[in-house]
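Down below is the structure, laid out as structure tokens.
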Amino acid sequence: MTQNILNLKRFNTLGLNAYCKSLEIIEKEQDIKTLVKGSRTKFIILGEGSNVILDAPIESPFEVPVFINRLKGISVRKNLKEKVIVRCGAGENWNKFVLWTLENEFGGLECLAGIPGSVGAAPIQNIGAYGSEVCDVIESVNVYDVERNLTTSYSNKDCDFGYRTSIFRNWTLGSFLSNFVIISVDFSLSADWKNLNTPDYASIKNILPANPNGLDIATAVLNIRSKKLPDLKVFPNVGSFFINPVVDNTKAERLRKKFANIPIKTLEGSFKLSAAWLIESCGFRGAKFKNVGMHLKHALVLVNYDDSSSQEVLMFAEEVRASVKEKFDINLKIEPVILSSSERSKYFG
Ligand SMILES: Cc1cc2nc3c(=O)[nH]c(=O)nc-3n(C[C@H](O)[C@H](O)[C@H](O)COP(=O)(O)OP(=O)(O)OC[C@H]3O[C@@H](n4cnc5c(N)ncnc54)[C@H](O)[C@@H]3O)c2cc1C
């Protein structure tokens with residue numbers, strides 16, 4: 001008997017051919033209970049596939065079912081004087097949700113406009129841009145716990161948010177197969193539309209009008225993003241491929257002595273390096289290997305130029321990592337989650 005093998009190419013923004021034996025779209029909360037239970041607790045769940053490397057070639061497809069989260073719905077739960085609590089379904093598109101908050105004159109998400117992906121994945125790596133992180137406005141995250149067959153709410157504090165991390169990200173990395181589903185996120189947004197924090201970035205400040213509101217800030221952010229990043233429709237990618245490394249004072253001083261112009265940002269007692277700068281210094285900006293390369297416009301964006309395989313992507317990433325290690329003694333960490341049908345993810349994770 002032949003079994004249908006399905007291609008997940010259109011479900012990941014890197015455009016990798018990756019195969020599975022079963023694919024289901026989750027549209028209602030009830031679907032989770034029925035489908036997820038049938039999968040005997042282990043499965044892969046995707047939002048829009050903009051932060052994953054799917055490593056499952058045709059000869060080794062995912063054996064576990066793949067679920068695509070499309071749980072929708074946005075509602076105002078509480079309307080307090082200075083704040084509003086808004087619940088958003090995990091399967092809503094992130095940027096559409098940000099635009100909805102702006103149409104309603106709710107502040108807090110304007111700096112995060114234009115980030116691809118779903119609302120449910122936003123807390124996982126605590127998405128951030130231009131000095132804002134989604135954890136600044138998350139009230140709680142509502143999660144279906146498969147093993148216990150119940151829905152639990154994690155308060156902001158329970159989520160253990162950090163730079164590009166959270167309790168959920170740690171669960172995901174521990175075992176790449178999921179046994180939880182984020183079903184919705186509650187946001188605490190500002191009703192004071194006129195007094196929002198302006199991002200402390202010259203490129204944005206320079207194009208903002210005096211006394212900007214949330215929409216002005218988001219428009220400036222979208223404008224800068226479209227200039228800085230390659231067009232996703234033309235150059236399949238997952239945004240930043242590596243996380244900006246954070247080092248201690250001793251290491252930062254050592255680097256400053258050796259590389260006089262190295263950019264280092266102070267971050268609450270530690271020091272953040274620019275992964276893009278490190279990669280560019282190793283000569284990888286615009287470099288290509290077979291069908292993969294770091295984009296000329298932004299050295300941190302790895303692009304699938306033409307139907308490359310996950311193996312090519314991971315081999316190229318390894319080359320970049322090895323060069324940065326050799327020159328700066330820094331271990332770059334891959335930002336997207338590697339979902340692999342083989343043992344490879346353990347090596348690269
Ligand atoms: C062009 C581009 C620019 C980007 N810019 C930024 C940026 O500025 N800042 C930033 O922080 N990120 C950025 N990203 C990364 C990405 O947009 C975010 O990480 C986004 O939140 C991923 O959403 P997704 O729905 O695509 O997640 P997916 O890629 O589908 O999934 C990511 C991980 O979350 C898990 N997951 C997804 N949904 C659920 C759920 N409902 N329940 C449980 N687990 C789930 C998946 O299993 C996987 O492990 C960028 C990506 C691209 C392509």
Side-chain angles (χ1 to χ4, degrees), residues 8 11-16 18 26 29 32 36 42-54 62 64 66-71 88-98 111-135 141-146 151 154 161 163-185 221-222 224-226 228-244 295 297-298 300-304 334-340 345 349:
L8 294 164
F11 294 104
N12 73 101
T13 62
L14 197 49
L16 293 174
I26 293 182
E29 270 188 52
I32 305 177
V36 164
K42 292 288 179 190
F43 51 88
I44 287 171
I45 179 138
L46 295 178
E48 298 190 11
S50 66
N51 205 32
V52 285
I53 300 167
L54 299 181
F62 291 124
V64 294
V66 176
F67 300 132
I68 308 291
N69 189 322
R70 293 289 179 263
L71 290 172
C88 185
E92 290 282 356
N93 172 269
W94 174 259
N95 191 50
K96 279 194 186 151
F97 173 58
V98 173
C111 292
L112 305 178
I115 298 181
S118 61
V119 168
I124 293 185
Q125 72 149 0
N126 184 21
I127 58 168
Y130 298 105
S132 255
E133 286 182 321
V134 73
C135 68
V141 178
N142 306 305
V143 175
Y144 175 64
D145 178 331
V146 180
T151 303
Y154 286 75
F161 288 119
Y163 170 60
R164 292 297 177 278
T165 189
S166 69
I167 192 172
F168 313 111
R169 170 94 183 180
N170 290 335
W171 290 345
T172 308
L173 295 179
S175 150
F176 86 86
L177 299 176
S178 302
N179 59 3
F180 70 97
V181 180
I182 293 178
I183 52 176
S184 61
V185 183
V221 166
L222 289 170
I224 300 288
R225 287 184 74 96
S226 71
K228 251 178 75 178
L229 295 169
D231 182 350
L232 190 53
K233 289 192 199 103
V234 184
F235 300 106
N237 70 77
V238 280
S240 303
F241 198 84
F242 297 100
I243 297 176
N244 287 323
H295 200 268
K297 226 173 168 183
H298 201 310
L300 197 47
V301 179
L302 181 147
V303 173
N304 171 4
I334 292 180
E335 184 188 294
V337 180
I338 304 168
L339 299 178
S340 177
S345 64

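One-based numbering along the sequence shown. Read the numbers this way: they start at 1 and go in the same order the structure lists the ligands and their atoms.
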Kindly say whether P116 contributes a backbone atom to a donor-acceptor pair with the side chain of N95 at under 3.5 angstrom? no
Select the closest option to atom 36 (N) of ligand 1 among I44, I338, I124, judged by heavy-atom distance. I124
For the OG atom of S166 and the CG atom of N126, what is their distance to the nearest 0.5 Å? 7.0 Å
Enumerated ligand 1 atoms positioned under 4.0 Å from heavy atoms of V52: 29 (O), 31 (O), 32 (C), 48 (C)
Any idea which heavy atoms bring Y163 and E133 closest together, and the distance? CA-OE2, 3.8 Å
Between S118 and E92 (side chain of the first, backbone of the second, donor and acceptor by atom type, cut-off under 3.5 Å), is there such a pair? no
I45 N/O under 3.5 Å from ligand 1 N/O: yes
Proximity flag R164 to ligand 1, non-hydrogen atoms under 4.0 Å: yes
Nearest non-hydrogen atom to atom 7 (C) of ligand 1 belongs to which of G128, S240, G114? G128
Minimum heavy-atom distance between G89 and S184, given as atom pair plus value: CA-CB, 4.2 Å
Going by the 4.0 angstrom heavy-atom rule, the piece of N69 near ligand 1 is side chain
Tell me the contacting part of Q125 for ligand 1: side chain, backbone, both, or neither, using a 4.0 Å heavy-atom threshold, strictly below. side chain
L339 N/O under 3.5 Å from ligand 1 N/O: no
Smallest separation among heavy atoms of L302 and N237, with atom names: O-CB, 3.2 Å
Is there any N or O on N237 that sits under 3.5 Å from an N or O of ligand 1? no
Backbone or side chain, does any N or O of L229 fall under 3.5 Å from an N or O of ligand 1? no
Side chain, backbone, both or neither: which applies to V238 and ligand 1 if a contact is any heavy-atom pair less than 4.0 Å apart? backbone
Counting from 1 in the order shown, the ligand 1 atoms closer than 4.0 Å to a non-hydrogen atom of A121 are 21 (O), 22 (C), 23 (O), 24 (P), 25 (O), 27 (O), 37 (C)
One residue to check: F180. Relative to ligand 1, which of side chain, backbone, both or neither has a non-hydrogen atom less than 4.0 Å away? both
Where is the tightest heavy-atom contact between I182 and G120, given as atom of each residue plus distance? CD1-O, 3.4 Å
Can you find an N/O atom of P116 closer than 3.5 Å to an N/O atom of ligand 1? yes
Donor-acceptor pair, R164 side chain versus I124 backbone, under 3.5 Å? no
Parallel under 30°, tilted from 30 to 60°, perpendicular over 60°: which one fits the rings of F180 and W171? perpendicular
Below 4.0 Å, non-hydrogen atoms only: which portion of I182 touches ligand 1? Side chain, backbone, both or neither. both
Which pair of non-hydrogen atoms, one from S340 and one from F62, has the smallest distance, and what is that distance? C-CE2, 3.8 Å
Of S50, S118, A90, the one whose closest heavy atom lies nearest atom 26 (O) of ligand 1 is S50
Quick one, W94 and V134 - any side-chain contact, counting heavy atoms below 4.5 Å? yes
Atom indices of ligand 1, in the order listed, that fall short of 4.0 Å to a heavy atom of V337: 49 (O)
